[in-house]
Amino acid sequence: MTTTQQFTRDELVARLVRAGELEVSGEDLTEAASYFDTEKFRFHGPDGFESDFDGLSDYFAAVREAFDDRSIRRGIVVAEGDHLACQTWIEGTFARTFSQSPAGPLPPNGERVVFDLINIFRFDAQGRIVEEWVRTDNRSLLRQLDAKGAVAADW
């Protein structure tokens, strides 16, 4: 039985939205984990970056530590079988060192930063996220983070 036979598109979207809200806010990390298959989850990011659920959790902990007044929004959502693809914007004010930037740890600049992402998520039959692919413009992100020297002119 496929995921779409057990969960409607709207139910999967609602689960995805809630998981993102919890990861970005840090409000209830136990609930956040319930939206993932924490044992099988695989993350496939830009530039060949690969991770598991613990790595994803560590990344969001670094985002929560570095950025104040965080928010997350989802844009256009496309559903196909057990996959959802969407636009995602995560925003925050860069207030403390960001330890997991694409260029390594960076000091804060006090500016509002927007992570502009395209995500594809795969769900299992229990409606949990088991795989995620992310594409983003790291050059734009590094420019917003004031990563001097990390944004090469020949990119």
Side-chain angles (χ1 to χ4, degrees), residues 3 12-79 82-124 126-152 155:
T3 300
L12 290 178
V13 170
R15 293 177 63 77
L16 176 64
V17 167
R18 184 65 179 150
E21 290 170 348
L22 292 168
E23 288 287 358
V24 169
S25 72
E27 170 190 335
D28 186 338
L29 297 178
T30 301
E31 181 185 349
S34 74
Y35 293 100
F36 294 84
D37 181 331
T38 58
E39 297 296 317
K40 295 179 182 175
F41 177 81
R42 296 300 307 155
F43 177 89
H44 313 284
D47 199 33
F49 179 77
E50 297 285 325
S51 187
D52 59 10
F53 180 76
D54 290 338
L56 180 72
S57 296
D58 291 346
Y59 179 80
F60 276 109
V63 168
R64 291 188 303 270
E65 173 58 31
F67 296 91
D68 288 338
D69 303 317
R70 295 172 310 279
S71 65
I72 182 172
R73 294 178 292 124
R74 303 284 189 188
I76 297 169
V77 177
V78 177
D82 58 359
H83 289 78
L84 290 181
C86 66
Q87 299 168 296
T88 302
W89 297 273
I90 299 171
E91 300 182 40
T93 302
F94 192 13
R96 289 167 296 284
T97 298
F98 184 31
S99 64
Q100 292 207 25
S101 90
L106 292 174
N109 64 11
E111 297 295 320
R112 192 83 179 151
V113 173
V114 178
F115 296 72
D116 185 352
L117 313 167
I118 299 292
N119 305 84
I120 301 172
F121 299 91
R122 183 172 63 86
F123 290 81
D124 66 11
Q126 289 77 46
R128 299 174 302 179
I129 301 167
V130 292
E131 203 162 14
E132 177 181 5
W133 294 263
V134 172
R135 292 296 172 257
T136 189
D137 181 350
N138 278 336
R139 186 173 186 200
S140 173
L141 176 62
L142 289 169
R143 187 178 306 113
Q144 292 178 74
L145 297 172
D146 281 340
K148 307 261 187 276
V151 183
W155 276 11

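Taking NE2 of H83 as the start and CD1 of I120 as the end, the distance is 7.5 Å to the nearest 0.5 Å.
In this structure, L29 and G26 approach most closely via the heavy-atom pair CD2-CA, 3.9 Å. The two residues A147 and L106 make their nearest non-hydrogen contact at CB-CD1, 3.7 Å. The two residues V17 and R74 come nearest to each other via the heavy atoms CG2-CG, 3.9 Å. Shortest non-hydrogen contact noted between C86 and F121 is SG-CE1, 3.9 Å.
Pairs engaging residues 100-119 under the ring-ring contact (aromatic ring centres under 6.0 Å, His included) rule: F67-F115 [sequence neighbours left out]. Residue pairs meeting the salt bridge (charged side-chain N to carboxylate O under 4.0 Å, His left out) criterion with at least one member in residues 105-121, sequence neighbours excluded, are E91-R112. Sorted by first and then second residue, the side-chain hydrogen bond (donor to acceptor under 3.5 Å, both in side chains) pairs involving residues 99-110 (not counting sequence neighbours) are N109-D146.
Side chains of V114 and Q144 form a contact here, defined as non-hydrogen atoms less than 4.5 Å apart. The shortest side-chain heavy-atom distance between I90 and L117 falls under the 4.5 Å cut-off. Taking the side chain as every heavy atom from C-beta outward, V130 and F123 never approach each other to under 4.5 Å. Within the 4.5 Å cutoff, the side chain of D82 has no heavy atoms near those of the D124 side chain. Side-chain contact between V134 and F43 is present, with at least one heavy-atom pair separated by less than 4.5 Å. Between T136 and I118 there is no side-chain heavy-atom pair separated by less than 4.5 Å.
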* Would you check, one step at a time, whether the test side-chain contact (heavy atoms from CB on, under 4.5 Å) holds for L145 with F94? => CA-CA 8 Å; L145 297 172; F94 192 13; 3.6 Å; yes
* Can you check side-chain contact (heavy atoms from CB on, under 4.5 Å) on R122 and I129, steps first, answer last? -> CA-CA 6 Å; R122 183 172 63 86; I129 301 167; over 6 Å; no
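Among residues two or more places apart in sequence or in another chain, the side-chain hydrogen bond (donor to acceptor under 3.5 Å, both in side chains) test is passed with R15 by none. Not counting sequence neighbours, T97 has no partner by the side-chain hydrogen bond (donor to acceptor under 3.5 Å, both in side chains) test. E132 meets the side-chain hydrogen bond (donor to acceptor under 3.5 Å, both in side chains) test with N119; sequence neighbours excluded. Among residues two or more places apart in sequence or in another chain, the side-chain hydrogen bond (donor to acceptor under 3.5 Å, both in side chains) test is passed with D137 by none. For H44, the side chain to side chain contact (heavy atoms under 4.5 Å, CB included) partners are R42, E50, E131, W133, not counting sequence neighbours. The side chain to side chain contact (heavy atoms under 4.5 Å, CB included) check on E39 picks up D37, with sequence neighbours excluded. Looking at residues two or more places apart in sequence or on another chain, you find a side chain to side chain contact (heavy atoms under 4.5 Å, CB included) between E31 and R18, L22, D28, S34, Y35.
Of the candidates V63, T93, L141, L141 is the only one forming a side chain to side chain contact (heavy atoms under 4.5 Å, CB included) with V113.
No donor-acceptor pair closer than 3.5 Å links the side chain of R64 to the backbone N or O of V24. Between the side chain of S25 and the backbone N or O of E27, at least one donor-acceptor pair lies under 3.5 Å. R96 places a side-chain N or O within donor-acceptor distance of the main-chain N or O of E65, the cut-off being under 3.5 Å.
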Listed pairs under 3.5 Å, donor-acceptor, residues 51-62 side chains, sequence neighbours left out:
{"unit_1": "D52", "atom_1": "OD1", "unit_2": "D54", "atom_2": "N", "d": "3.2"}
{"unit_1": "D52", "atom_1": "OD1", "unit_2": "G55", "atom_2": "N", "d": "2.9"}
{"unit_1": "S57", "atom_1": "OG", "unit_2": "F53", "atom_2": "O", "d": "3.1"}

